[in-house]
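First comes the structure, then the notes that go with it.
Chain identifiers are assigned alphabetically (A, B, ...) following the order of the sequence lines, protein sequences preceding nucleic acid strands; residue numbering begins at 1 within each chain.
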Protein chains: 2
Amino acid sequence: MTTTSPQGRTELLRPDGSPVRVLVVDDEQSITELLSMALRYEGWQIRSAGDGHGAVRAARDFRPDAVVLDMMLPDMDGLSVLGRLRRDLPDVPVLFLTAKDAVEDRIAGLTAGGDDYVTKPFSLEEVVARLRGLIRRSGAADRRSDSVLVVGDLTLDEDSHEVTRGGDGIHLTATEFELLRFLMRNPRRVLSKAQILDRVWSYDFGGQANVVELYISYLRRKIDAGREPMIHTRRGAGYLIKPAA
Amino acid sequence: MTTTSPQGRTELLRPDGSPVRVLVVDDEQSITELLSMALRYEGWQIRSAGDGHGAVRAARDFRPDAVVLDMMLPDMDGLSVLGRLRRDLPDVPVLFLTAKDAVEDRIAGLTAGGDDYVTKPFSLEEVVARLRGLIRRSGAADRRSDSVLVVGDLTLDEDSHEVTRGGDGIHLTATEFELLRFLMRNPRRVLSKAQILDRVWSYDFGGQANVVELYISYLRRKIDAGREPMIHTRRGAGYLIKPAA
DNA sequence: CGGGTTTCTCAGAGAAATCACAGCTTGGGG
DNA sequence: CCCCAAGCTGTGATTTCTCTGAGAAACCCG
């Protein structure tokens, strides 16, 4: 089931109307905190664990609808944790966190059941998007919720990564896509550059703050080019997107 | 009966509309887990067993529509298990798992009854495809469900392994065929290289991830050659197939 | 056993995306 | 009406990703 909150955000809910539950497992506390905060903001209920045993215990009594699992835990190897989780929660989708370089070596089979993974360092927007996808597809949330965001005559499909304005297809790069997704997820709301940076860029990004301006500029060229603009600047505050009308 | 889920995947269902039930029997837990995960993702209901006696017991009260049976079990020889299964479930099709070298001849006789087999290490795409075939042919699912995938002017027949584009026959190798099947089963959806690798290559594949790029390249030569391309790259995300239109 | 086929590795070429930097434009307070 | 801070965008260096040719090894079939 989906419902729209007072702020205009669309939330995933379970069929019985209760909030989706997500278990976050990582040994770095800064990461679990970062994730918990971001995921709570989605309206989800979060529990976190710092090691494999904690994860198994939490799975048992928290009974999450999805799990975010770091593959590098101090006490147990990621696959063992996965195995034990599966015993208690056979149908729960898992989002794996892996180091960038470790990717190739044994992700094999992990995404087979519809699971997914992201590499560290990740962007929150990416984690949230993938989790939403997993939950949506697992059926823990209402299956009718679909993967297309719409604002005015602008659409963005999270599955096919297709973007259209007034019916015309628009090609976006990965970063442009994530930025637009974030804007469209928060229509008519001013988002500060800091928020955007925190959400769309990976947490260890150390560059110039004006990448945001730069990418807003790219997006405008592709989306607003010669049309009624949808992306607006609020000088000193940030940016927002809203229907052209 | 077939039905189409929100993600656009086509599911097999039993005539009464309930999900298909599959029993998975293997002594290696990692294998039963891998298979269970993949088969659940197909929308099927799964039960697993780790030995012959467990299998017989499970067959009796789970009453599966199909069985995946490893021929090498610790407690009983595969043939005895098969015999006992047949006593309770005379018409249920069985997909045998055998070691690569484990003689074809004995298996060959077994598959005469409409059963089938795959050799370890297998690719999930192959197991799923064969199981679908068995279930479809056994009549447990609606017989009208057919075996041809169509995307635009591209067709792929899972029974005859025939592929055509705009009416012209196209010869594909085994790997190319499985890759294309996977793409066509998920039209308009971006599939990451990891997903493709997990699904199309066998679970013990340890090679370079760029085999995926390589085979995409092969497929393009055969399918898109000099025509409107149907296979698209989403840089940094993966590949997808969609009608040329 | 031998030839054709298939699978896969490796490596280089090329294309695309990301980002820093710097100069230019704009808005609005004084 | 002027000026400054905030925002915008062109240029180009660098990094990252993708494609594909060449060839080695495994495989299949007769």
Under 4.0 Å between a side-chain N/O of S217(B) and OP1 or OP2 of dC19(D), yes or no? no
With sugar-phosphate meaning primed atoms plus P, OP1 and OP2, does F177(A) contact a base, only sugar-phosphate, or nothing at under 4.0 Å between heavy atoms? nothing
Rounded to whole Å, the CD-P distance (E178(B) to dT6(C)) equals 15 Å
Look at all strands and tell whether L214(A) reaches a base, only sugar-phosphate, or nothing, counting heavy atoms closer than 4.0 Å. base
Establish, with yes or no, whether the OP1 or OP2 oxygen of dC8(C) is under 4.0 angstrom from a side-chain nitrogen or oxygen of Q208(B). no
Suppose we call a contact any N or O donor and acceptor under 3.5 Å apart; does that hold for the side chain of R235(A) and the base of dA6(D)? yes
Presence of K193(A) side-chain N/O under 4.0 Å of dG7(D) phosphate oxygens OP1/OP2: yes
How are the rings of Y218(B) and Y215(B) set relative to one another: parallel (under 30°), tilted (30 to 60°) or perpendicular (over 60°)? perpendicular
Mind calculating the distance between CG (L197(A)) and P (dG7(D)) to the nearest angstrom? 14 Å
Between A174(A) and E176(B), which residue's closest nucleotide on DNA chain C lies nearer the 5′ terminus? E176(B)
T233(A) vs dC8(D): side-chain N/O to OP1/OP2 distance below 4.0 Å: yes
Is the phosphate of dT7(C) approached by W201(B) (side-chain N or O, under 4.0 Å from OP1 or OP2)? no
Give a yes or no on whether the ring-centroid distance for F177(A) and H161(A) is below 6.0 angstrom. yes
Let me know the distance between CG of L219(B) and P of dT7(C), rounded to the nearest Å. 11 Å
Does a nitrogen or oxygen in the side chain of R220(A) sit under 4.0 Å from OP1 or OP2 of dG7(D)? no
T175(A) side-chain proximity, nearest of dC19(D), dT18(C), dG7(D): dT18(C)
Whole-Å distance, E213(A) CD to dA5(D) P, equals 15 Å
Answer whether the closest heavy-atom distance between the side chains of I46(A) and V24(A) falls below 4.5 Å. yes
N/O donor-acceptor pair under 3.5 Å between R165(A) side chain and I223(A) backbone: yes
Using 0.5 Å steps for rounding, measure from the CG atom of D115(A) to the OH atom of Y41(B). 9.5 Å
Give a yes/no on whether any side-chain N or O of Y215(B) is located under 4.0 angstrom from OP1 or OP2 of dT9(C). no
For dT7(C), take OP1 and OP2 only and decide whether either is under 4.0 Å from a side-chain N or O of T173(B). yes
How many whole angstroms separate atom CZ of R234(A) from atom P of dG28(C)? 10 Å
H171(B) NE2 to dT5(C) C1', straight-line distance once rounded to whole Å: 8 Å
Roughly, in whole Å, what's the span from OH in Y218(A) to C1' in dG7(D)? 15 Å
Check whether more than 12 heavy atoms from other residues, nucleotides or ligands sit under 6.0 Å from atom CD of E162(B), and answer yes or no. no
Can you find a side chain N or O atom of H232(A) that sits less than 4.0 Å from OP1 or OP2 on dG7(D)? no
Can you measure N210(B) atom CG to dA11(C) atom C1' for me and round it to whole angstrom units? 10 Å
